[in-house]
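Here the structure comes first, spelled out in structure tokens, and everything after it is commentary.
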Amino acid sequence: MPELPEVEVTRLSFAHHISGARILAVRLGKPLRWPLGEDPSILEGLRVIAVRRRGKYLLLDVSDGWLLLIHLGMSGRLVFAVDVPPPGPHDHFDLVTTLGTLRLHDPRRFGAAVLARGEESTMGVKLLGRLGMEPLGEGFGANDFQTALKRRHSPIKQVLLAGDVVVGVGNIYASEALFRAGIRPTTRASRISPARAERLRLSIREVLARAVASGGSTLRDFSSADGAAGHFQREAMVYGRTGEPCRHCGTPVRMLRQGQRSTFYCAVCQT
DNA sequence: CTATGGACCTGAATGC
DNA sequence: TGCATTCAGGTCCATA
């Protein structure tokens, strides 16, 4: 479900509500992708200081130097409310605080909640250490992007998804950014010219920023922590539009498989 | 080092 | 209606 825009929209929807809250309890459901890593009772009495994002991870800074990393995986969703119903079969993590409860609901359980001793801890480095540039930040520069692409011989779509060059671009926005840049998803990254790489860099920024502004994409069930659905899917140029006319040239949109994932593109507009 | 395929897990949609 | 197959927003890990 969640790529960078959905994670960022989720963050914005509850960060200011939970900041300053004192943690009362942690409730755990079924195991997620990784174990919490620490005894949850150590959080009791501590405060949530801030909520940041790195790639598709949410980072909750907790007093006493603790860091709570939350990943939504494919089907995860956060809810923050003063009162939440009793946990259902897919509610696997509750952070109960004086200001409300933050709940991770995740049917497929590819998501995770991990407690670490800061970003430089073993677990922090393991999960965050290989992440690429933040596409909406200052550090996502033309030179660095081009240099990184030169070293990669895989198709550009898969390089974008890998997340070690640039983070946050998932299956929807990879197809969308490549369409806007006019680049075939199968093009080897190393063979993209500097001019086209720059166009791609700007397309990535624009697509992600616009998606955040639209509240993300709600394909089946995404909603932010206050329950709001996104509507960027209405602006999708190619994703999920197999056989439908390209919004630029009218040619039917094509779908192909790359590394077990669907890719959508226009064979006329993307070369 | 890079590239590729399998693994994890559940529910919804599709096909016979 | 019932049952099997395919697909879904991610990414880690083992293997070439």
Side-chain angles (χ1 to χ4, degrees), chain A residues 1-11 29-35 37 53-58 69-78 88-93 104-114 122-132 147-177 185-191 207-208 211-212 214-224 229-236 238-243 255-264:
Chain A
M1 165 202 322
E3 303 182 32
L4 183 148
E6 291 72 33
V7 176
E8 180 65 6
V9 165
T10 296
R11 186 183 76 82
K30 289 190 205 165
L32 290 159
R33 172 148 198 186
W34 299 296
R53 180 189 56 72
R54 174 77 175 102
K56 296 171 189 168
Y57 286 91
L58 286 172
L69 299 94
I70 296 178
H71 198 288
L72 302 180
M74 287 280 261
S75 56
R77 198 190 328 171
L78 287 178
H90 300 310
D91 297 324
H92 307 303
F93 179 85
L104 175 58
H105 172 92
D106 185 3
R108 292 178 73 181
R109 292 189 281 128
F110 288 170
V114 175
T122 309
M123 205 54 194
V125 169
K126 183 185 168 188
L127 296 179
L128 306 174
R130 303 235 148 159
L131 297 185
T147 307
L149 292 191
K150 281 292 167 221
R151 284 193 232 116
R152 303 299 218 92
H153 294 180
S154 325
I156 182 61
K157 158 83 179 331
Q158 285 167 260
V159 171
L160 293 180
L161 282 190
D164 48 359
V165 171
V166 57
V167 293
V169 182
N171 209 38
I172 298 175
Y173 301 108
S175 285
E176 293 298 310
T186 46
T187 308
R188 306 265 148 190
S190 55
R191 304 186 54 183
V207 147
L208 296 179
V212 171
S214 301
S217 295
T218 297
L219 293 191
R220 342 171 93 76
D221 55 6
F222 167 73
S223 65
S224 56
H231 55 267
F232 186 80
Q233 67 281 4
R234 295 202 295 251
E235 291 179 48
V238 288
Y239 185 85
R241 299 192 62 244
T242 310
M255 199 243 279
L256 60 81
R257 284 253 151 205
Q258 292 181 287
Q260 352 268 66
R261 313 298 301 278
S262 297
T263 302
F264 303 87

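As the structure is a computational prediction, the values presented were derived from the model and not from experiment. For the numbers below, each heavy atom of this structure counts, side chains included, while hydrogens, waters and symmetry mates do not. Proteins come first, then strands; the chains are lettered A, B, ... in the order of their sequence lines, and each starts at number 1.
Taking a heavy-atom distance under 4.0 Å as the criterion, the stretch of DNA chain B touched by chain A extends 5' to 3' from dA3(B) to dG11(B).
Rounded to the nearest Å, the gap between the P atom of dG6(B) and that of dT6(C) is 14 Å. Look at the P atom in both dG11(B) and dT11(C): the space between them is 22 Å, to the nearest Å.
A sub-4.0 Å separation between OP1 or OP2 of dG9(C) and a side-chain N or O of Lys56(A) is absent. Between Arg257(A) and dA8(C), a side-chain N or O to OP1/OP2 separation shorter than 4.0 Å is present. Listed pair Arg130(A) / dC12(C) fails the phosphate criterion, with no side-chain N or O lying under 4.0 Å from OP1 or OP2. Between Tyr239(A) and dG9(C) there is a side-chain N or O to OP1 or OP2 distance below 4.0 Å.
Positionally, the nearest nucleotide of DNA chain B for Arg151(A) lies more toward the 5' end than for the other of Arg151(A) and Pro107(A). In terms of position on DNA chain C, the residue among Ala162(A) and Arg108(A) whose nearest nucleotide sits closer to the 5' end is Arg108(A).
Following rounding to the nearest Å, Met123(A) (CE) and dC12(C) (P) show an atom-to-atom distance of 10 Å. Going from atom CG of Leu128(A) over to atom C1' of dT11(C) covers 13 Å, rounded to whole Å. Following rounding to the nearest Å, Asp164(A) (CG) and dC13(C) (C1') show an atom-to-atom distance of 15 Å. When rounded to the nearest whole Å, the span between CG of Leu32(A) and P of dG10(C) equals 17 Å. dG10(C) atom C1' lies 16 Å from atom CD1 of Ile70(A), rounded to whole Å. Here dT11(C) presents its P atom at 10 Å from CE of Met74(A), a figure rounded to the nearest Å. Separating the CG atom of Leu78(A) from the C1' atom of dG9(C) is a distance of 14 Å, rounded to the nearest angstrom. Rounded to an integer number of Å, the gap from CG of Leu127(A) to C1' of dG10(C) is 13 Å.
Residue His71(A) places its side chain closer to dT11(C) than to any other of dC12(C), dT11(C), dG9(C). The side chain of Lys126(A) lies closest to dC13(C), out of dT11(C), dG9(C), dC13(C).
For the atom pair CG of Leu72(A) and CZ of Arg108(A), the computed distance is 13.5 Å after rounding to the nearest 0.5 Å. Here Leu58(A) contributes atom CG and His71(A) contributes atom NE2; the two are 9.0 Å apart, rounded to the nearest 0.5 Å.
Annotation: side chain of Arg261(A) is in contact with side chain of Lys157(A) (closest heavy-atom distance under 4.5 Å). When side chains are defined from C-beta on, Val159(A) counts as touching Leu149(A), because their heavy atoms get closer than 4.5 Å. Contact of the Thr263(A) side chain with the Val238(A) side chain is not registered, since no non-hydrogen atoms from C-beta on lie closer than 4.5 Å.
With sequence neighbours excluded, no residue forms a ring pair (Phe, Tyr, Trp, His ring centres under 6.0 Å) with Phe93(A).
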- [ ] For side chain to side chain donor-acceptor pair (under 3.5 Å), just list the numbers for Arg257(A) and Ser262(A), CA-CA rounded to whole Å, side-chain angles, deciding distance to a tenth of an Å, and then say yes or no.
- [x] CA-CA 5 Å; Arg257(A) 284 253 151 205; Ser262(A) 297; 3.2 Å; yes
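Here Phe222(A) does not lie in a stacked arrangement on the base of dG9(C), lacking the combination of planes under 30° and ring centres under 5.5 Å apart.
Inspection of the Ser217(A) and Tyr239(A) side chains reveals no N or O donor paired with an N or O acceptor under 3.5 Å.
Backbone-only engagement by Arg152(A) is indicated by non-hydrogen atom pairs under 4.0 Å involving sugar-phosphate atoms exclusively.
For Phe222(A) and Phe232(A), the gap between ring centers reaches or exceeds 6.0 Å.
Secondary structure note: stems in DNA chain B built from 3 or more consecutive Watson-Crick or G-U wobble pairs under 3.5 Å occupy B:2-8 with C:10-16, B:10-16 with C:2-8.
Checked options Asp106(A), Leu104(A), Val7(A); the residue passing with Leu78(A) is Leu104(A) (criterion: side chain to side chain contact (heavy atoms under 4.5 Å, CB included)).
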